[in-house]
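Structure, as structure tokens:
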Amino acid sequence: MSESNTPKPTGKARARGAQTAGPQAQRNLLHAASELFYREGVRTVGVDAVVERAGVNKMSLYRQFSSKDELVMAYLEQQDERFFGYVERSFAKYPGEPAKQLQQYFDDLSVRASVDDYRGCPFVNVSVEFSDPTHPARQFVFRNKQRLMARLIELSTAAAANDPEALANALGLVIEGVYAASQTYGPGCGPILAAPKVAAQLIAAACGGTRAV
């Protein structure tokens with residue numbers, strides 16, 4: 001399961017049916033790219049594999065996306081939308097209680113990163129694959145992370161943290177640590193399970209004893 005709730009691959013290509021033109025073909029292609037790029041990597045997966053999984057022909061792909069790079073950017077846009085949908089649903093569990101909202105994010109992240117087939121953050125994965133910091137994919141990842149950081153700062157400020165930016169930076173570091181630990185120590189490892197407690201300590205210390213849990 002990805003950070004953005006990417007569906008699990010079926011292990012089978014979709015049957016090529018009659019209704020694979022226009023919007024339907026685009027949906028099929030993005031769904032296939034989401035499965036394959038997340039599981040196997042953007043660089044590793046070729047357009048032939050995406051076409052096969054989507055159940056369309058290659059001409060259909062190039063009608064929807066002018067190149068693989070354009071497909072990759074569409075994949076990132078889809079993942080970004082899903083990711084922030086997840087983030088906001090997590091925060092929404094405690095409306096008007098910013099310290100608890102921050103804490104809930106880590107509680108949920110720890111659970112999600114403990115699923116056996118978790119492959120970490122799709123944006124981190126993409127950034128590792130593209131070494132050029134000026135590449136559009138890397139720039140997209142940067143904007144995704146900056147947007148999350150802005151939300152963390154906003155909630156840290158609302159929670160009356162003594163230094164909202166410092167708290168947000170510390171929490172951002174823990175988040176990235178969870179992503180990395182899931183791929184090195186493995187999903188559900190000790191460092192992942194410790195993350196909510198570490199976050200609670202950081203939040204309480206920064207908010208003058210405000211209870212985060």
Side-chain angles (χ1 to χ4, degrees), residues 1-6 38 76-77 79-95 97-115 118-131 133-213:
M1 185 184 300
S2 77
E3 174 64 14
S4 51
N5 296 327
T6 301
Y38 183 69
L76 288 173
E77 289 170 4
Q79 294 301 304
D80 186 72
E81 182 178 352
R82 290 177 176 175
F83 173 72
F84 281 104
Y86 165 80
V87 169
E88 294 305 327
R89 286 192 297 275
S90 188
F91 291 156
K93 293 177 182 179
Y94 287 99
E97 300 183 80
K100 287 186 176 181
Q101 288 176 310
L102 289 169
Q103 182 62 49
Q104 186 62 45
Y105 180 82
F106 286 89
D107 293 346
D108 290 344
L109 177 59
S110 179
V111 172
R112 192 168 66 259
S114 297
V115 176
Y118 186 70
R119 282 282 290 122
C121 173
F123 304 102
V124 172
N125 296 347
V126 166
S127 71
V128 170
E129 293 193 81
F130 292 89
S131 60
T134 67
H135 190 284
R138 283 287 297 275
Q139 291 295 305
F140 193 102
V141 170
F142 177 76
R143 291 192 297 273
N144 170 273
K145 298 297 182 180
Q146 287 296 99
R147 183 180 169 190
L148 177 60
M149 183 57 64
R151 280 298 274 135
L152 294 176
I153 292 173
E154 181 182 356
L155 289 177
S156 296
T157 300
N162 50 29
D163 187 338
E165 187 171 353
L167 175 58
N169 284 331
L171 295 177
L173 180 61
V174 177
I175 291 169
E176 296 300 314
V178 169
Y179 296 150
S182 72
Q183 302 308 295
T184 51
Y185 291 93
C189 63
I192 288 175
L193 299 179
K197 183 176 180 179
V198 172
Q201 292 169 341
L202 290 169
I203 294 165
C207 298
T210 299
R211 289 184 61 82
V213 292

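Bear in mind the structure is a predicted one, so any value in this text is a computation, not a measurement. Residues take their numbers from the sequence shown, with the count starting at 1.
- Within a 6.0 Å sphere centred on NZ of Lys93, heavy atoms belonging to other residues, nucleotides or ligands number more than 12.
- Side-chain contact between Cys121 and Lys145 is present, with at least one heavy-atom pair separated by less than 4.5 Å.
- Atoms CD and CG, on Gln101 and Leu152 in that order, are 11.5 Å from each other to the nearest 0.5 Å.
- With rounding to the nearest 0.5 angstrom, the CG atom of Asn144 is 12.0 Å from the CD atom of Glu77.
- With respect to Asp108 and Arg89, no salt bridge is recorded, no charged nitrogen being found less than 4.0 Å from a carboxylate O.
- Using a 4.5 Å heavy-atom threshold, the side chains of Phe91 and Arg151 count as touching.
- Not a single donor-acceptor pair under 3.5 Å links the side chain of Gln104 to the backbone N or O of Ser90.
- Residue Ala159 comes nearest to Ala99 through the heavy atom pair CB-N, 3.9 Å, listed as atom of the first residue, atom of the second, then distance.
- A cation-pi contact, defined as under 6.0 Å to the ring centre and within 45° of the axis, is absent between Arg147 and Phe83.
- Ion pairing of Asp80 with Arg143 is absent here, as no side-chain N (NZ or NE/NH1/NH2) approaches a carboxylate O to less than 4.0 Å.
- The number of heavy-atom neighbours closer than 6.0 Å to CD of Glu154, taken from other residues, nucleotides and ligands shown, is above 12.
- Minimum interatomic distance between Ser156 and Ala168 (heavy atoms only, all atoms of both residues): OG-N, 3.9 Å.
- Atom CD1 of Ile175 and atom CZ of Phe106 lie 4.0 Å apart (nearest 0.5 Å).
- Between Leu102 and Leu202, the closest side-chain pair of non-hydrogen atoms is not below 4.5 Å.
- The aromatic rings of Phe130 and His135 lie tilted to each other, with the angle between the two planes from 30° to 60°.
- In this structure, Gln79 CD and Phe84 CZ are separated by 12.5 Å, a value rounded to the nearest 0.5 Å.
- Within a 6.0 Å radius of CD in Gln201, other residues, nucleotides and ligands contribute more than 12 heavy atoms.
- A distance of 6.0 Å separates OH of Tyr86 from OH of Tyr105, quoted to the nearest 0.5 Å.
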Output side-chain donor-acceptor pairs under 3.5 Å for residues 182-195, partner residues at least two apart or in another chain, one line each.
unit_1, atom_1, unit_2, atom_2, d
Ser182, OG, Tyr179, O, 2.7
Gln183, OE1, Arg119, NH1, 2.7
Gln183, NE2, Tyr118, O, 3.2
Thr184, OG1, Ala180, O, 3.0

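- Here the CD1 atom belonging to Ile153 is positioned 8.0 Å from the CD atom belonging to Gln146, to the nearest 0.5 angstrom.
- Residues Asn169 and Met149 form a side-chain contact, since some pair of their non-hydrogen atoms from C-beta on lies under 4.5 Å apart.
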